[in-house]
Asks: 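One structure coming up, written as structure tokens, with questions to follow.
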Amino acid sequence: MARIFSGIQPSGIPTLGNYLGAIRNWVALQEGHECIWCVVDLHAITVWQEPAALARQTREMAAVLLACGIDPGRHILFAQSHVRAHAQLAWIFNCVARLGWLNRMTQFKDKAGKDREAVSTGLYVYPNLMAADILAYHATQVPVGDDQRQHLELANDIAQKFNHDYGTEFFPPIEPLILGPAARVMSLRDGSKKMSKSDSSDQSRINMNDDADTIALKIRRAKTDAEPLPDTLAALEGRPEARNLVGIYAALTSGDPALVLREYAGKGFGVFKPALTEVLIAALAPIARETERLLADPAEIDATLRRGAERAAAIADPIVAEAERLVGFLPPR
Ligand code: TYM
């Protein structure tokens, strides 16, 4: 059975982008696969996080994942910092990855912006830690949104170079699973920017805990254009905001944007936006309710994460020990 790994940063409340691009696919993949789901708090501190907020957000992220249908009994859900193997393998990968490879990472360029000298060195080597997350479990399939594609290519480069340098086939190739019509959900305020939990504008995103009124308001205010919806997908070219909303609607209904256009061609946003609001509320309200119920018992969430970490470490520790042996470290015992 293929082993699946994926992670999500507890750097805020998860957004509709996280849900449609990743979490919902994770839930579906649980049938027929062995899955490891990780709340990546080591990744989150590559940019400043208030300690109390990080702890709260890590718990909230776990609660949302559970509310969406992540099953911590049949699969593994844990916090990255609880399993030492991630940081240990990441160090080895810091010594395998080349500076030139990291220099090409577009997400680093976006996040660092103009102030490159001032960002943490962790942000720079972030993709090496991501490679370690996956390869510490010999996971071969990684469901992510489209924005993680380049990081997974780098993870494959690292695995290949490790295998080549140490004369081994130890690390398997990784296959990205980028699924569905909403693999890249865009900001509600700017169709050229990805919807992000760390965007300074709350109006740019739907949060997984937004209530019905907030969702309605955000969709009403979402940037669009004056044209009615066209009857073909090709005609959405050059209309990124319209395309984004059609993609979201499709992801929450049939999965096929062409069917959405068949239904709404010729209709304006005055008709389409209320319909979109309705499907969003129907999908998100039960998740928000269940999240709130789970958060009433934080000790139970923490216990779930700890149980997950024990099971994760049981898989990762021997794999990382073998990588250390291949590198030439003396056995620690
Ligand atoms: P993060 O926390 O930014 O996002 C978690 C998942 O949500 C997807 N996603 C989106 N999908 C569609 N539209 C969007 N607007 C959108 N925003 C986010 C992301 O692609 C991701 O799948 N580096 C990763 C976390 C990570 C990881 C890993 C993932 C750490 N280690 C190992 C896979 C394997 C990240 O920052 O995700």
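Note that ligands are numbered from 1 as they come in the structure, with each ligand's atoms numbered from 1 the same way.
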Asks: Is a salt bridge present between Arg293 and Glu290, judged by a nitrogen-to-oxygen distance below 4.0 Å?
Replies: yes
Asks: Return the closest protein heavy atom for atom 28 (C) of ligand 1 as residue, atom name and distance.
Replies: Met130 CG, 3.2 Å
Asks: Using a 4.0 Å cut-off to any heavy atom of Ile134, which atoms of ligand 1 qualify?
Replies: 32 (C), 34 (C)
Asks: Find all atoms of ligand 1 within a distance of less than 4.0 Å from any non-hydrogen atom belonging to Lys197, and give their numbers and elements.
Replies: 1 (P), 2 (O), 3 (O)
Asks: Below a 4.0 angstrom heavy-atom separation, can you tell me which part of Gln9, side chain or backbone, both or neither, approaches ligand 1?
Replies: both
Asks: Nearest to atom 18 (C) of ligand 1, what protein heavy atom do you find, and at what distance?
Replies: Asn18 ND2, 3.1 Å
Asks: Salt bridge or not for Glu60 and Arg56, using N-O below 4.0 Å?
Replies: yes
Asks: In ligand 1, which numbered atoms sit nearer than 4.0 Å to a non-hydrogen atom of Ser6?
Replies: 29 (C), 33 (C)
Asks: Would you mind finding which of Arg149, Lys111, His43 brings a heavy atom closest to atom 30 (C) of ligand 1?
Replies: His43
Asks: What protein heavy atom is closest to atom 23 (N) of ligand 1, reported as residue, atom name and distance in Å?
Replies: Tyr126 OH, 2.6 Å
Asks: Would you call Arg74 and Glu34 a salt bridge, taking side-chain N to carboxylate O under 4.0 Å as the test?
Replies: no
Asks: Among all the protein's non-hydrogen atoms, which is closest to atom 13 (N) of ligand 1, and how far away is it?
Replies: Val185 N, 2.8 Å
Asks: Enumerate the atoms of ligand 1 whose separation from the nearest heavy atom of Ala183 is less than 4.0 angstrom.
Replies: 11 (N), 12 (C), 13 (N)
